[in-house]
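If you're wondering where the values come from, they're calculated on a predicted model, not measured in any experiment. Lettering of chains follows the sequences in order, A, B, ..., and the numbering in each one begins at 1.
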Amino acid sequence: MANSPKTFVFLDLETTGLKGDLPKITEICLVAVHLSSLENRVTDEAGQLELPRILDKMCLCVDPGKPITSYASEITGLSNNNLVKNEKQDFNPCLVHIINEFLSRQAQPVCFVAHNGFLFDFPLLKTELQKQEGTSLTSSLLCMDTVEVFKFLDMQVGIRRESRDYAQAQIYRRAYRKPPQNCHNAEGDVLALIMIFLSKADQILEKETMSNNCMRWGEISPMYG
DNA sequence: TGCCAGGCCCTCTTTAGGGCCTT
């Protein structure tokens with residue numbers, strides 16, 4: 001990899017449903033962490049890893065303009081009714097501008113990180129962006145999927161991938177011996193994602209792991225549309 | 001009519017089937 005990322009932007013989307021529903025985004029959360037905070041980790045008095053103090057955070061709710069499935073509504077707490085009542089805007093050029101400005105404030109290059117990102121978050125975000133004429137993210141932006149990264153790291157030490165559960169909550173439990181908090185709230189999921197990244201940060205940041213597990217934004221195909 | 005993801009990976013595979021991971 002020619003240029004190693006200086007900033008990792010952890011990403012989570014809440015949506016109206018899964019792929020079969022041609023989902024739309026109901027909430028987006030981005031949290032940027034500088035490389036130095038991932039390399040120089042902070043622990044509490046008990047020696048437990050802590051979130052870095054310096055975080056740039058952005059969470060926005062979005063009116064999807066289509067029905068949210070009952071299960072998605074139940075787990076995320078977002079309904080068509082409460083999004084409309086709170087007068088949330090749809091996924092529009094203004095939101096794309098905000099995302100771009102958020103990214104441009106970070107030390108470059110930037111790497112997106114999402115759990116199952118290659119199959120869900122990145123393709124769906126690309127679909128939503130493609131609907132907005134004249135808007136895009138820089139194609140040189142890097143993307144990493146922590147499902148693939150954790151499988152890669154396990155394989156390196158001889159753990160067979162089919163012998164483990166790679167759901168984010170399970171990886172969190174293995175690392176911290178307790179369940180993550182605020183699941184299916186975009187910010188809660190992103191903070192848990194940062195914590196699982198921190199638990200293996202040294203290995204993830206190795207050149208071999210990065211070069212084997214990163215794609216460029218330009219290589220991501222839209223989910224649909 | 002009723003049902004409905006899907007690309008990827010694994011293995012008791014390859015003329016196939018099943019599970020994963022996200023909301």
If you measure from the [atom1] atom in [N] to the same atom in [M], how many Å do you get, rounded?
N      : M      : atom1 : value
B:dC9  : B:dT14 : C1'   : 14 Å
B:dG7  : B:dT1  : C1'   : 29 Å
B:dC8  : B:dC12 : P     : 23 Å
B:dT13 : B:dG19 : C1'   : 15 Å
B:dT23 : B:dG6  : C1'   : 15 Å

**Prompt:** Below 4.0 angstrom from OP1 or OP2 of B:dC21, is there any side-chain N or O of A:His115?
**Reply:** no

Using atom [atom1] of [X] as one end and atom [atom2] of [N] as the other, report the distance to the nearest whole Å.
X        : N      : atom1 : atom2 : result
A:Leu22  : B:dG6  : CG    : P     : 8 Å
A:Asn116 : B:dG19 : CG    : C1'   : 13 Å
A:Phe152 : B:dC8  : CZ    : P     : 18 Å
A:Lys126 : B:dT22 : NZ    : P     : 22 Å
A:Lys151 : B:dT22 : NZ    : P     : 10 Å
A:Phe150 : B:dC20 : CZ    : C1'   : 17 Å
A:Phe122 : B:dC8  : CZ    : P     : 16 Å
A:Ile171 : B:dC21 : CD1   : C1'   : 10 Å

**Prompt:** Same cluster or not: are A:Val31 and A:Phe102 linked, directly or through other Ile, Leu, Val, Met, Phe, Trp or Tyr residues, by side-chain heavy atoms under 4.5 angstrom apart?
**Reply:** no

**Request:** Quick one: label A:Asp21 by what it contacts on the DNA or RNA (base, sugar-phosphate, nothing), any heavy atom closer than 4.0 Å.
**Result:** nothing

With respect to the side chain of [X], which nucleotide from [options] is positioned closest?
X        : options                : value
A:Tyr166 : B:dC21, B:dC10, B:dT23 : B:dC21
A:Leu18  : B:dC21, B:dA5, B:dC10  : B:dA5
A:Thr76  : B:dG6, B:dT22, B:dT23  : B:dT23
A:Gln168 : B:dT23, B:dT22, B:dC21 : B:dT22
A:Ala167 : B:dT22, B:dT23, B:dA5  : B:dT22

**Asked** Angle class for the A:Phe112/A:Trp217 ring planes (parallel below 30°, perpendicular above 60°, tilted otherwise)?
**Response** perpendicular

**Message:** Does A:Glu39 have more than 12 heavy atoms from other residues, nucleotides or ligands lying within 6.0 Å of its CD?
**Reply:** yes

**Prompt:** Given the rule in the salt bridge (Lys or Arg N to Asp or Glu O under 4.0 Å) test, do A:Arg41 and A:Asp202 qualify, once you have shown the distances and angles that lead to the verdict?
**Reply:** CA-CA 10 Å; A:Arg41 294 176 291 285; A:Asp202 286 341; 2.9 Å; yes

**Request:** Would you name the heavy atoms of A:Val33 and A:Pro52 that are closest together and state the gap between them?
**Result:** CG1-CG, 4.0 Å

**Flag for A:Asp154-A:Tyr166: side-chain donor and acceptor within less than 3.5 Å** = yes

**Prompt:** So which one's nearest nucleotide on DNA chain B is more toward 5', A:Lys19 or A:Leu13?
**Reply:** A:Lys19

**Asked** Mapping A:Leu119 and A:Asp12 onto DNA chain B by nearest heavy atom, which one lands closer to the 5' end?
**Response** A:Leu119

